[in-house]
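Down below is the structure, laid out as structure tokens.
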Amino acid sequence: MARLKTINIWNSKITTWLIWLLLFMLGIEVGSNKQLISALPTLGVEAMVLSVFATLGSCALAWALWKTAKGGNER
């Protein structure tokens, strides 16, 4: 049982390091793309707008779910 736990811990650590490595390599690839870097101001505004509306929508739906769930438990 202890050996299986050790293997799971190592698998978790290896997976985490591989994800970090892939993110680093993705950053290098994106950073070296001249066309993407030159379009960054436009992409940044679009990304900000999408992020704001996604966050607001998530908050609104979470609030509605909370009200629905809380309302169903009251007597």
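We count residues from 1, following the sequence as given. Computed from a predicted model, the values in this text were never measured in an experiment.
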Please set out all donor-acceptor pairs under 3.5 angstrom arising from side-chain atoms of residues 14-24, sequence neighbours excluded.
residue : atom : partner : partner atom : Å
T15     : OG1  : N11     : O            : 2.7
T16     : OG1  : S12     : O            : 2.9

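In this structure, CG on N33 lies 14.0 Å from CD1 on I28, to the nearest 0.5 angstrom.
Through direct or indirect side-chain contacts shorter than 4.5 Å among Ile, Leu, Val, Met, Phe, Trp and Tyr, L43 is connected to L26, V30, L36.
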